[in-house]
Amino acid sequence: MDNNLSIDNLPVFNADQKQRLKRSGIKTWVDMVYYFPRSYIDRSHILDFSRMMRGDMVTFIGKISRVETAYGKRRKVLATVEYHGWVIHLVFFSAIYYYQKLLKENHYAAFSGKIDIFNGRVSMVHPVVELFDAEADNLLIHTGKIIPIYRLTESMKKTGISNYSLREANHFIIHNYLATIKDNAPAHLIREFHLPPLLDALRLIHYPESMEDAQSARERHAFDEIFRLVIWLISRKNQRKKTPRKNYFEKMTWREELKKSLPFKLTGDQSRAIQAIENLMEQNYPYNVLLQGDVGSGKTLVALFVALTYMENGHQVALLAPTEILARQHYQTILSFTSIFPLLSVDFLTGKEKTSEKEAKADRISRGDNLLIIGTHAILQKNIEFRNLGLVIIDEQHRFGVDQREALIKKGKSPDIISMSATPIPRSLTLALYGDLETIQITEKPANRGVIETKLFEESQLPSLYKGVKKYVDRGRQVYIIYPIIEDSDKVTWASIQKDYYHLENDVFPDYRLGLLHGRLNPMDKENAMQKFKDGEIQILISTTVIEVGIDVPNATVMLIRNAEKFGLAQLHQLRGRVGRGEHQSFCILVRSGQTTPEGVQRLEAMLQSNDGFYLARKDLEIRGTGDLIKTENIRQSGASELRIADIRRDERFIEPIYQYIQANFQEKELKKNWMNPSDFIFT
């Protein structure tokens with residue numbers, strides 16, 4: 001980059017302000033022009049006194065006819081301005097010295113503010129003032145047009161950086177250097193989406209002539225951001241192809257033996273997913289698969305089928321789960337499936353073992369005696385070393401940070417990876433979030449899974465609902481009752497566990513065994529509560545959403561959710577997926593309060609309409625946008641969370657065409673040169 005484009009050479013800021021901008025990531029003129037507004041104020045409405053109303057926000061350009069400083073209880077600067085035969089009286093109560101110097105009689109200026117009528121005179125208090133050269137009216141920065149409002153940090157404000165100075169800086173750059181910008185976007189895609197050229201988009205994002213211009217400029221910059229994101233994702237994918245495969249497979253008989261032993265048939269989606277991963281195993285480089293499946297679709301069994309081939313050929317497999325109860329559930333399920341393989345050794349690792357047992361397990365893993373290791377974060381400990389780790393399976397992958405996932409992967413020599421997720425995401429959004437992975441989806445559910453009936457009730461109907469809960473518990477079934485919060489709050493009027501648990505235990509269900517589960521319990525108490533419910537010792541589990549993922553209790557047939565309108569749609573669907581896992585008819589009971597927002601109504605209606613997780617995922621994105629998804633998926637280092645102006649739901653139409661174009665025209669060196677960092681390429 002040309003050193004002349006350093007922020008140090010921008011004349012608007014002093015030395016302290018330049019240092020603060022650098023610490024905020026604004027080191028060059030390009031960084032500055034890409035520091036986009038967060039909003040706009042329309043000051044383009046020129047004053048028409050014949051239609052004027054008190055309180056109108058207006059802009060006008062007039063001649064300052066008189067300036068004086070009034071002294072009394074409160075010092076103030078008074079000015080009168082002439083405008084097409086009208087006289088407007090201005091009052092400034094603060095920054096007296098500044099306005100004494102700024103306002104000069106017989107000079108023209110532009111004024112923006114709120115009109116008032118005081119003592120029969122048209123007046124304005126503390127309007128925004130910009131000195132005006134009648135021969136350069138098109139260069140107004142702060143008034144007379146739609147002006148940008150930028151995000152200002154507290155540290156910026158302390159050094160005197162303001163919206164004024166940021167506007168002046170971008171105005172200077174745009175009018176002195178904008179013409180040197182090179183536009184690298186594919187022309188046919190820009191035409192297809194009716195987007196402005198980059199030069200126009202940079203000018204209009206800061207100084208739009210209309211709000212339609214601002215929106216058009218935003219869309220162009222969103223397109224560019226998504227373009228850069230997809231390049232980054234495909235580059236990561238291609239980088240993996242340069243890593244030679246360490247795993248080779250000569251024997252592949254165990255999977256067929258397991259298939260014959262099952263008392264049921266695999267679904268079509270399960271069979272296709274297994275075949276798709278086995279095809280990837282034939283590549284000469286490691287694969288990284290995202291296995292997406294709705295709740296209850298059989299993802300774990302798919303992963304087991306794949307894992308058997310690794311273990312049959314002497315490779316170790318690690319299955320990482322976020323909680324001990326889920327890890328133990330996997331351990332017990334897989335043991336039941338693999339009892340036909342006497343040579344297959346499976347170990348379970350939680351970190352709660354005695355020191356001698358920990359050391360013994362670590363020793364077996366390091367020697368390669370155990371082929372399948374199932375566990376929690378304990379697998380990530382430094383003392384756990386694998387002899388020949390060939391496959392890493394990460395369940396509920398969004399529950400782990402990037403560093404944690406990488407720590408496990410590094411325990412092998414370029415192992416293959418299967419990340420499992422029960423959060424369905426539409427295809428185009430999957431490309432933007434996980435475009436560097438091979439994505440395989442399971443939408444079909446096993447034939448023995450019945451449809452969960454979902455019903456909506458009002459809070460006033462709770463007594464009748466509790467009678468229904470008793471009826472099903474008397475039949476031997478178990479029930480979840482879910483609350484949105486633990487304690488009462490002054491800010492919300494939601495139902496809380498703290499307020500209701502004593503009442504439920506002593507007044508509503510005194511003859512039943514209740515259990516309590518929420519996030520503030522220590523890990524051991526949480527695990528104990530979930531295990532007791534799984535073992536049938538607890539009949540009714542009163543809980544928050546900590547049971548949202550993983551726990552599998554086939555005997556639980558009723559999910560009752562208080563204040564259901566307060567939950568996200570994906571969260572409601574995950575909660576519903578905790579029932580309907582056995583042979584008995586199951587129900588999801590949504591209980592809403594009388595304070596349901598329009599968005600809450602939409603979510604509840606969607607739950608009543610469909611049990612399809614992929615349909616509900618799209619509806620959730622329509623209602624809430626992608627911010628919650630990015631947060632939920634824990635992808636802060638993936639690139640998508642770095643998007644400043646693009647929204648992968650709102651700008652979804654760009655994703656697939658960009659992805660297809662880059663895949664067809666990928667020249668890594670050239671694309672990275674022109675796209676990866678605006679500061680490195682934009683000025684030529």
Side-chain angles (χ1 to χ4, degrees), residues 254-255 257-259 261-264 266 270 291 293 295-308 310-311 316-354 357-358 360-361 364-365 369-379 384 391-396 399 418 420 422 446 448-449 478 480 515 517 523-538 541 546-557 577-584:
W254 284 7
R255 62 183 183 182
E257 292 179 41
L258 175 61
K259 189 174 182 179
S261 72
L262 294 177
F264 54 83
L266 296 174
Q270 285 177 314
L291 182 60
V295 286
S297 60
K299 297 180 295 296
T300 304
L301 188 56
V302 168
L304 175 59
F305 264 91
V306 174
L308 284 173
Y310 288 79
M311 295 184 287
Q316 290 174 295
V317 175
L319 195 165
L320 177 64
T323 65
E324 182 179 338
I325 189 75
L326 183 54
R328 190 178 299 278
Q329 186 171 285
H330 284 317
Y331 178 67
Q332 293 169 347
T333 300
I334 288 173
L335 279 182
S336 68
F337 282 134
T338 59
S339 59
I340 61 173
F341 304 111
L343 298 179
L344 175 57
S345 54
V346 182
D347 217 336
F348 182 57
L349 198 62
T350 67
K352 295 181 179 178
E353 300 88 351
K354 294 180 180 179
E357 188 181 358
K358 284 182 185 178
K361 288 185 177 183
R364 291 197 298 268
I365 294 169
D369 294 346
N370 289 336
L371 291 175
L372 176 58
I373 297 87
I374 301 170
T376 60
H377 298 75
I379 295 179
I384 302 300
L391 174 65
V392 169
I393 302 170
I394 304 174
D395 194 17
E396 300 301 335
R399 303 275 290 271
I418 298 176
M420 299 193 294
N448 63 339
R449 291 287 170 90
Q478 290 167 276
Y480 299 97
L517 179 62
M524 184 172 292
D525 287 342
K526 283 192 284 189
E527 296 288 347
N528 286 340
M530 293 172 81
Q531 192 62 50
K532 284 182 179 179
F533 187 65
K534 188 175 176 67
D535 294 341
E537 295 179 37
I538 293 173
L541 184 62
V546 293
I547 58 92
E548 174 185 348
V549 170
I551 187 170
D552 185 1
V553 182
N555 192 49
T557 59
R578 295 306 100 211
V579 295
R581 307 179 80 85
E583 59 181 320
H584 305 287

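All values reported here derive from a predicted model rather than from experimental measurement. Sequence positions, counted from 1, serve as the residue numbers for this chain.
At most 12 non-hydrogen atoms from other residues, nucleotides or ligands lie less than 6.0 angstrom from NZ of Lys259. The local environment of NZ in Lys532 is sparse, with at most 12 non-hydrogen atoms from other residues, nucleotides or ligands closer than 6.0 Å.
To the nearest 0.5 Å, the span separating CD1 on Ile394 from CD1 on Ile379 amounts to 10.0 Å. Going from atom CG of Leu371 over to atom CG of Asp369 covers 8.5 Å, rounded to the nearest 0.5 Å. Rounding to the nearest 0.5 Å places NE2 of His584 at 10.5 Å from CD of Gln478. One finds the CD atom of Gln316 at 8.0 Å from the CG atom of Asn370 (value rounded to the nearest 0.5 Å). The line from OG1 of Thr333 to CD1 of Ile374 is 9.0 Å long, rounded to the nearest 0.5 Å. The line from OG of Ser345 to CD1 of Ile365 is 10.0 Å long, rounded to the nearest 0.5 Å.
Minimum interatomic distance between Ile393 and Ala307 (heavy atoms only, all atoms of both residues): CD1-CB, 4.3 Å. Counting all heavy atoms, side chain and backbone alike, Ile340 lies closest to Glu257 at CD1-O, 3.7 Å. Nearest heavy-atom pair across Thr376 and Ala327 is CG2-CB, 3.9 Å. Residues Gly351 and Ala378 approach most closely at N-CB, 3.4 Å, considering heavy atoms. Closest non-hydrogen pair, Glu324 versus Thr350, comes out as CG-CG2, 3.8 Å. Nearest heavy atom pair, residue Asp552 against residue Gln329, reads N-OE1, 2.7 Å.
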### Task
Would you sort out whether Leu304 and Thr338 count as a side chain to side chain contact (heavy atoms under 4.5 Å, CB included), showing the intermediate values?
CA-CA 9 Å; Leu304 175 59; Thr338 59; 4.1 Å; yes

### Candidate pair Leu319 and Ile334, rule side chain to side chain contact (heavy atoms under 4.5 Å, CB included), full reasoning
CA-CA 11 Å; Leu319 195 165; Ile334 288 173; 3.9 Å; yes

### Message
Before you tell me yes or no, could you show the steps for Leu517 and Phe533 under side chain to side chain contact (heavy atoms under 4.5 Å, CB included), namely the whole-Å CA-CA distance, both residues' side-chain angles and the distance that decides it to 0.1 Å?
### Response
CA-CA 10 Å; Leu517 179 62; Phe533 187 65; over 6 Å; no

#### Entry: From CA spacing to verdict: salt bridge (charged side-chain N to carboxylate O under 4.0 Å, His left out), Arg328, Glu527
CA-CA 10 Å; Arg328 190 178 299 278; Glu527 296 288 347; over 6 Å; no

### Query
Would Phe337 and Leu262 satisfy side chain to side chain contact (heavy atoms under 4.5 Å, CB included), going step by step from the backbone distance to the final call?
CA-CA 8 Å; Phe337 282 134; Leu262 294 177; 3.6 Å; yes

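No side-chain donor-acceptor contact under 3.5 Å links Gln270 to the backbone of Leu301.
Using a 4.5 Å heavy-atom cutoff, the side chains of Val579 and Thr557 are not in contact.
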